[in-house]
> 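So that we are looking at the same thing, I have put the structure below in structure tokens.
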Amino acid sequence: MPELAEVELARRIWEPGTGQRIVAVDSHPHARVYRDTPASILESTLPNSFIVSSRTHGKRLLFSFGDRSPCKSTGAHPTTHLEIHLGMSGRLFLAGPDHEPTKHDHFILRTKRLGLVYSDYRQFGRVLLHQPCLDPWTELPVEVLDPEFTIACLRRLTARRRGTTLKALLLDQTVFPGVGNWMADEICWRLPCHPGIRLQALDLARLRTVSRQVCRGALRHVADKNAPLDRARGFSPGRYVEQVPPRSWLFQHRWKAGGCCPRCHSSLARGTIATRTTAWCPTCQPEEASEA
DNA sequence: CATCATGTTATAAT
DNA sequence: CATTATAACATGAT
């Protein structure tokens, strides 16, 4: 289910592994998630290295490895980076160091105390081991919550796309990295604008403001609520409860049969826009009737 | 059995 | 070139 907030939560779930040495890597070598990097490369590269740091960008995760623990020396520089994209059904969880992989656990990074498990039953996700370098992520687009995500930036990214629908733009990972189907609908609802509206009829400043609000709110509701648990008690598998945005968000109502707009209580409309199932409020987000 | 799923990508058609 | 449509990927839930 991963959009940017769930991806950040996944990163935090593996956080207890930071600083630890990988003692072994077990994988399902024929799984489709290895279409970029064969499992054998992970198995031969990662053991004996330490997890030094991790971060996310949009829907991507990056775990960086070095040859010593970041706790013991200040100058531990990463030598290798493992990138993970969770696709539609990927998830990360913690288990004990001897965790027996089940059917969809495609790899396990084992440390002395933990098993870091990557599981993905549909295998739309993928893993990618980067060649040794300081930072494999220098070419990625500006993130929505980055201070550089300015109106000028947004104007540049949309310059030749007057005819695109709002929903298609929101799903474009080069423009709104990390925004997926539910966040896109949430942004349209909050603007409020019909998701099928053409960009020419759109206030980019407003779009920037609202998209940032939704990204920040999603992180707060989905990822932050779990973080304090991490520091309070050590690891315990399955401790992370799935967190979702509150009932004041469209999220809570969009898939329910007979779901209503949390603002005006109209019955929600549903249809396919930009190839994805889309929910919106026909009252708050009317179809642009001003078109000739 | 048919449909749908919080994603991406390749390819074809407009 | 921009945009849309379609299929494909692999599995589970309804």
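Quick note on labels: first sequence line is chain A, next is B, and so on, each numbered from 1.
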> Give the B/S/- string for nucleotides 9-14 of chain B, one per nucleotide from 5' to 3', where a protein heavy atom under 4.0 Å of the base yields B, of only the sugar-phosphate yields S, and otherwise -.
------
> Taking the side chain as everything from C-beta on, heavy atoms only, tell me whether I187(A) gets closer than 4.5 Å to L207(A).
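A side-chain contact exists here, since the closest heavy-atom pair is under 4.5 Å.
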> Mind calculating the distance between CG (D120(A)) and P (dG7(B)) to the nearest angstrom?
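Atom CG in D120(A) sits about 13 Å away from atom P in dG7(B).
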> Are H253(A) and W189(A) close enough that some pair of their side-chain heavy atoms sits under 4.5 Å apart?
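No; the side chains remain at least 4.5 Å from each other.
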> Take atom CG of N181(A) and atom C1' of dC4(B), then tell me their distance rounded to the nearest Å.
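From N181(A) CG to dC4(B) C1': 12 Å.
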> Can you see if the side chain of R60(A) gets near the phosphate of dT8(B) - specifically, an N or O under 4.0 Å from OP1 or OP2?
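False: R60(A) side-chain N/O out of range (4.0 Å or more) of dT8(B) OP1/OP2.
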> Would you mind telling me which of dG7(B), dT4(C), dT6(C) lies closest to the side-chain atoms of T275(A)?
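So the side chain of T275(A) is nearest to dT6(C).
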> Using whole Å, what does the distance between atom C1' of nucleotide dT3(C) and atom CG of L169(A) come to?
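It is 13 Å, rounded to the nearest whole Å.
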> Identify whether any heavy atom of T277(A) sits under 4.0 Å from a base atom; if not, whether one sits that close to sugar-phosphate; answer base, sugar-phosphate or nothing.
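Answer is sugar-phosphate: T277(A) comes under 4.0 Å of backbone atoms only.
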> According to ring pair (Phe, Tyr, Trp, His ring centres under 6.0 Å), does anything in residues 148-173 of chain A pair up with another residue at least two apart or in another chain? List the pairs.
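As it turns out, the ring pair (Phe, Tyr, Trp, His ring centres under 6.0 Å) pairs with a partner in residues 148-173 of chain A, which skip direct neighbours, are F149(A)-F176(A).
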> R254(A) near the nucleic acid: base, sugar-phosphate alone, or nothing, with a heavy-atom cut-off under 4.0 Å?
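It contacts nothing in the nucleic acid.
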> Taking it one step at a time, do C281(A) and R263(A) satisfy side-chain contact (heavy atoms from CB on, under 4.5 Å)?
CA-CA 9 Å; C281(A) 170; R263(A) 201 162 35 208; 5.6 Å; no
> In whole angstrom, give me the gap between the P atoms of dT6(C) and dT3(B).
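Pairwise P distance, dT6(C) against dT3(B), rounds to 15 Å.
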> Nearest whole Å is fine: how far is dT6(B) C1' from E8(A) CD?
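Going from E8(A) (CD) to dT6(B) (C1'), I get 17 Å.
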> Parallel, tilted or perpendicular: which describes the rings of W182(A) and F251(A), with under 30° parallel and over 60° perpendicular?
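Ring orientation, 0 to 90° scale: perpendicular.
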> Roughly how many Å is it from CH2 in W189(A) to P in dT6(B), rounded to a whole number?
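Taking atom P of dT6(B) as the reference, CH2 of W189(A) is at 19 Å.
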> Honestly, is R254(A) close enough over W249(A), meaning NZ or CZ under 6.0 Å from the six-membered ring centre and within 45° of the axis?
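Output no; distance or angle outside limits.
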> May I ask you to say whether D185(A) pairs ionically with K167(A), meaning some side-chain N is under 4.0 Å from a carboxylate O?
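Salt bridge: yes.
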> Pair R198(A), T165(A) - check side-chain contact (heavy atoms from CB on, under 4.5 Å), show working.
CA-CA 5 Å; R198(A) 306 283 156 174; T165(A) 61; 3.8 Å; yes
> Please report the C-alpha distance between V7(A) and R60(A) in whole Å, then the side-chain angles of each, then the deciding distance to 0.1 Å, and finally whether the side-chain contact (heavy atoms from CB on, under 4.5 Å) criterion is met.
CA-CA 7 Å; V7(A) 168; R60(A) 303 166 192 242; over 6 Å; no
> For dA7(C) and dA2(B), measure between their P atoms and round to the nearest Å.
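That atom pair is separated by 16 Å.
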> Mark up nucleotides 7-14 of chain C, 5' to 3', with B wherever a protein heavy atom is under 4.0 angstrom from a base atom, S wherever such an atom reaches only the sugar-phosphate, and - elsewhere.
--BBBS--
> If the condition is side-chain hydrogen bond (donor to acceptor under 3.5 Å, both in side chains), which residues does E8(A) pass it with, not counting sequence neighbours?
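Expected list: R11(A), R12(A).
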> Any side-chain N or O of R160(A) under 4.0 Å from OP1/OP2 of dC1(C)?
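It does not, given that no N or O in the side chain of R160(A) lies less than 4.0 Å from OP1 or OP2 of dC1(C).
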> Given side-chain contact (heavy atoms from CB on, under 4.5 Å), test T111(A) with I22(A) step by step and report yes or no.
CA-CA 5 Å; T111(A) 71; I22(A) 305 301; 4.2 Å; yes
> For L170(A) and dG7(B), what is the distance between atoms CG and C1' respectively, to the nearest whole Å?
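Rounded to the whole Å, the gap is 15 Å.
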> With respect to the phosphate group of dG7(B), does any side-chain polar atom (N or O) of H85(A) fall under 4.0 Å of OP1 or OP2?
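Result: no.
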> Going by the rule ring pair (Phe, Tyr, Trp, His ring centres under 6.0 Å), which residues pair with F63(A) if we only count those two or more places apart in sequence or in a different chain?
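Here the qualifying residues are W14(A).
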> Could you state the atom-to-atom distance from CZ of R276(A) to P of dG7(B) in whole Å?
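These atoms are roughly 4 Å apart.
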> From C-beta outward on W255(A), which listed nucleotide comes closest to its side chain: dT4(C), dT6(B), dT8(B)?
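For the W255(A) side chain, the nearest candidate turns out to be dT6(B).
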> Name the stems with DNA chain C in them: runs of three or more consecutive Watson-Crick or G-U pairs, distances under 3.5 Å?
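In DNA chain C, stems of three or more pairs: B:2-5 with C:11-14, B:7-14 with C:2-9.
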> Which whole-number value in Å describes the distance from F176(A) CZ to dG7(B) C1'?
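Rounded to whole Å, this separation is 18 Å.
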